Every structure is written in C-alpha cells, then in structure tokens.
2 protein chains.
Amino acid sequence: MKALEQAVEAPDDAQQSPCTSVGRLLASLGRVSMRRFSAALEPAGLKPRHLDALLALRAGPITQQGLAEAIRVDSVQLVGLLNDLETEALIERRRDQTDRRRHIVGIAPKGAARLAALDAAVAEIDAGLLAGLEASERILLRGLLLRVSQNADDEPAGEACPTA
Amino acid sequence: MKALEQAVEAPDDAQQSPCTSVGRLLASLGRVSMRRFSAALEPAGLKPRHLDALLALRAGPITQQGLAEAIRVDSVQLVGLLNDLETEALIERRRDQTDRRRHIVGIAPKGAARLAALDAAVAEIDAGLLAGLEASERILLRGLLLRVSQNADDEPAGEACPTA
DNA sequence: TATTGTTATACTCTATAACTATA
DNA sequence: TATAGTTATAGAGTATAACAATA
C-alpha cells in the first residue's frame, strides 16, 4: 500500500502550507467543489443543492425534514428547492397519511432520468477534484470523508445550551 | 494499519448514502466546517476568511494577489478582509519597491499574538470535526486533502476559454 | 402546547464591471 | 497595453422570525 506512506508523508512538511487547519482546508475545498458543480449544472438549469436533493432522494422517499437533515440544508430553504424541482416534475410531494403535517418527498421518473443523465458529469467533476490521487487513495479518502460526515451529523460542535 | 481497512470498508455499503459524489460530500462538509469556525470566531470579532488570511501570512509576507490565490479568495474581496485586519493592526501592508503596484502583506506582532491565542480554538474545532477518526486516520485524511488542495490550484476544472 | 411546512425579511457572501496607479 | 489594487453594485446564498395546519 504505497498510497499510505505517500499520504502520511505530507503533514510533516505541511507546516508551511497556507492551511494549517483541516477544517479550513475542508471549507476551502468545499468552495472549490461548489463552484465547479455550480458551473457544470448551469446548462441543466440546476443548482448544486438541487443535485444534492435528487441524489439523496435516489435512496428512496423521505420526509422533507429528513431530507433537509440528510443534505444539511435548512428546512426553510429546502422549500424553495423542492418547489423548483416539483415545477419541473423532477420530484413529487404527497401528504403522509399517518401524520398529515408531513410531506413525503420522492423522486419522479423524470427526476431519476435527469439524474442518470447527470451522472457522467458528476463523475467527471469528482475525477477532476481527485485527479492528484490514485484509485486506491480516492476510495480511501471517500471512506474517511463519509465517516467524518456521519460523525458531523451527531455533534453540533460542542454547543450545549440547555436553557438558553 | 487497521485504519486502512476500516476506511476502505465504507465505500461499498455507501451506495445508500445521501452523498454519492465525493465533490458534494466535500461541499457539505465544507459548509459544516465554515459554520463552526464562524461561530467560534465570532467572539474574537473575526470571520473564517480573516483566519485563513492570518494562517497563510504566518508562513511569511506575500503579495495580495499571492495571498488571494493561497486562500482561494477573490483578490477583490480580499481587499475588505485586509482592511479589517489592518484596522485592528493585525497585518501590515507596504508597497513593493521593486514594483510599486504591488502590496506586500505581512502579519503584525499583534496578529501573530491573536493567532496564537486562537490556535487552541482552531485545534478544538478540527478535533470536533475529526472526532470519528483515529489519530492515524486524521493524519492520513489531512495528507490526502492537502494533495487534493494542491491539485485543485492548478486545474481550473477543464474550462479552456482561449479567446473569449 | 409542540411539530411540519410555509412565507417574508434581512443579512452575508460572492461575482462582475469599472476606476486609479503603476509598469 | 497590461497588471495590482481598489471601489461600487447586483446577485446568490443563508439565517431569523412569524404564520397556518395538524398533532
């Protein structure tokens, strides 16, 4: 596994690197990724958030609130995103008969098709971002990021405000 | 190296994950990181971008344009950030005598002190973000992200507009 | 009363164009 | 003419509060 040693090499001579913090590094790369997706999705008339929603919905129908948490978008601003997608018949909203306050959101056939057509573009952007890594390293990075992501859901960053 | 297998495990059962794209995952985590830093820096009267600038300047003086590229901020909006920092005497701007169009930006003693006082908070946020990873995995992730970051500088994402 | 979704509002961040001064 | 920095402006993204419907 030469991928391992190669990666472990970096942090020592990384003192001079502009980004001493992994968190800041994530924020910076996140912005880069955002911009690239934004540009790539423009011809499709979608924004990165629309893609996030569709990708999440591919796993199956879900509550609006659940979707909001899944893609880390405030449920307030998710309303507008879903309105856009519903207007284009890419998703469907229906009342939950168990609890009529809830909306169950599902991906529509047209949405699945649109998503399938976008898969290549998405893969291309990912490939561009990870161009400097070998195949094994990309898998490794993906796994690590997924775990960081799962952990980030639980912990709201040490802010325990019991009463206030 | 059990860290390796543990990480490699994920991608296979990650099909159901909301984020199929590593790029989207980066964007999502980047936003999480951004929010946490934003909240943590608020009492210090700084924004994440200010921290990025100070962190980058710790490596030594640099041109404004160079700094903009280093922290991936448009040179246009960097002006305001540096104005804020200069007002608080955290950084210094001086003309480059070689080319009087350039401004050389350096961190001021007060800025270095402020940064030192912030180091613990920064480390705490990083630790929170990477709480789900073991020490060896954190180093691994950091190395991979640094390489991705370096690669992202070169390639503007396949947009070759020679004449336009 | 609490929760889900919605709307309205204001605030921050970001992108674009135009201007000044130096080269 | 081209470059470094600045300014001004509009656009997109984000956060907050208040509301209606349902539990």
Side-chain angles (χ1 to χ4, degrees), chain A residues 27-28 30-39 41-42 45-53 61-87 91-105 156-157 159 161 164, chain B residues 24 27-28 30-39 41-42 45-53 61-87 91-105 156 159 161 164:
Chain A
S28 181
R31 233 171 323 116
V32 171
S33 173
M34 179 71 97
R35 276 195 288 259
R36 294 193 183 182
F37 275 96
S38 204
L41 291 174
E42 198 180 44
L46 296 177
K47 294 174 186 175
R49 293 297 169 77
H50 294 133
L51 175 64
D52 288 338
I62 190 177
T63 300
Q64 259 187 235
Q65 179 176 303
L67 179 59
E69 290 177 8
I71 64 177
R72 292 201 183 89
V73 174
D74 196 322
S75 61
V76 174
Q77 80 187 70
L78 179 62
V79 176
L81 291 175
L82 293 183
N83 287 347
D84 298 337
L85 295 172
E86 197 178 29
T87 299
I91 61 127
E92 294 167 344
R93 275 194 270 213
R94 67 166 198 273
R95 285 278 173 193
D96 181 356
Q97 296 307 332
T98 305
D99 184 342
R100 290 186 48 76
R101 292 174 301 184
R102 289 193 168 98
H103 273 170
I104 305 293
V105 187
E159 43 171 343
C161 299
Chain B
R24 295 315 305 150
S28 181
R31 236 173 317 120
V32 171
S33 174
M34 179 71 98
R35 276 194 287 259
R36 295 194 183 181
F37 275 96
S38 203
L41 291 174
E42 198 179 44
L46 296 178
K47 295 176 184 173
R49 292 298 169 76
H50 294 134
L51 174 64
D52 287 338
I62 189 177
T63 299
Q64 260 187 236
Q65 178 176 305
L67 179 59
E69 290 177 8
I71 63 177
R72 292 200 184 89
V73 174
D74 196 320
S75 61
V76 173
Q77 79 186 71
L78 180 61
V79 176
L81 291 175
L82 294 183
N83 287 346
D84 298 337
L85 295 173
E86 197 177 31
T87 299
I91 61 126
E92 295 168 342
R93 276 193 269 215
R94 68 167 197 272
R95 286 277 173 193
D96 181 357
Q97 297 306 332
T98 306
D99 184 342
R100 291 187 46 78
R101 292 173 302 182
R102 289 193 167 100
H103 274 170
I104 305 292
V105 186
E159 42 171 344
C161 299

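Every value quoted in this text rests on a predicted model; they were computed, and no experiment measured them. Just so it is clear: chains get the letters A, B, ... in the order the sequence lines come, proteins before strands, and each one is counted from 1.
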*Please give, in whole Å, the distance from dA15(D) C1' to K47(B) NZ?*
14 Å
*Please state how far atom CG in D52(A) lies from atom P in dG13(D), giving the value in whole angstrom units.*
12 Å
_For E42(A), side chain to side chain contact (heavy atoms under 4.5 Å, CB included) partners two or more places apart_ = none
*asked:* According to side chain to side chain contact (heavy atoms under 4.5 Å, CB included), who are the partners of R94(B), at least two apart in sequence or on a separate chain?
replied: I104(B)
*Rounded to whole angstrom units, what separation is found between the CZ atom of R35(B) and the P atom of dT16(D)?*
10 Å
*Which part of the nucleic acid does D74(B) contact within heavy-atom distance under 4.0 Å: base, sugar-phosphate only, or nothing?*
base
*5'-most contact on DNA chain D: R100(A) or P48(A), nearest heavy atom basis?*
P48(A)
*With sequence neighbours excluded, tell me which residues meet side chain to side chain contact (heavy atoms under 4.5 Å, CB included) with Q77(B).*
R49(B), V73(B), D74(B)
*Give the first and the last nucleotide of DNA chain C, reading 5' to 3', that has any atom under 4.0 Å from a heavy atom of chain A.*
dA2(C) to dA15(C)
*Specify the separation, in whole Å, of atom CZ of R31(B) and atom P of dG13(D).*
11 Å
*Donor-acceptor contact below 3.5 Å, side chain S28(B) vs main chain R24(B)*: no
*Taking side-chain hydrogen bond (donor to acceptor under 3.5 Å, both in side chains) as the test, write out the residues that go with R101(A), two or more places apart.*
D99(A)
*Tell me, please, which residues at least two apart from R95(A) pass side-chain hydrogen bond (donor to acceptor under 3.5 Å, both in side chains).*
H103(A)
*Just how far, in rounded Å, is P of dA15(D) from CG of L81(A)?*
13 Å
*With E86(A), which residues qualify under salt bridge (charged side-chain N to carboxylate O under 4.0 Å, His left out), at least two apart?*
R93(A)
*Roughly, in whole Å, what's the span from CG in L41(A) to P in dG13(D)?*
11 Å
What nitrogen or oxygen pairs link the protein and nucleotides 4-7 of chain D at under 3.5 Å?
| residue | atom | partner | partner atom | Å |
| --- | --- | --- | --- | --- |
| dA4(D) | OP1 | Q65(B) | OE1 | 3.2 |
| dA4(D) | OP1 | Q65(B) | NE2 | 3.3 |
| dA4(D) | OP2 | Q65(B) | OE1 | 2.6 |
| dA4(D) | O5' | Q65(B) | OE1 | 3.3 |
| dG5(D) | OP1 | Q64(B) | N | 3.2 |
| dG5(D) | OP1 | H103(B) | N | 3.0 |
| dG5(D) | OP1 | H103(B) | O | 3.2 |
| dG5(D) | OP2 | Q65(B) | N | 2.9 |
| dG5(D) | O3' | H103(B) | ND1 | 3.3 |
| dT6(D) | OP1 | R93(B) | NH1 | 3.0 |
| dT6(D) | OP2 | Q64(B) | OE1 | 3.1 |
| dT6(D) | OP2 | Q64(B) | NE2 | 2.6 |
| dT6(D) | OP2 | R93(B) | NH1 | 3.2 |

_Suppose we screen for salt bridge (charged side-chain N to carboxylate O under 4.0 Å, His left out). Which residues come up paired with R72(B), at least two apart in sequence or across chains?_
D153(B)
*Nearest-0.5 Å distance, OG1 of residue T63(A) to CG of residue D96(A)*: 6.5 Å
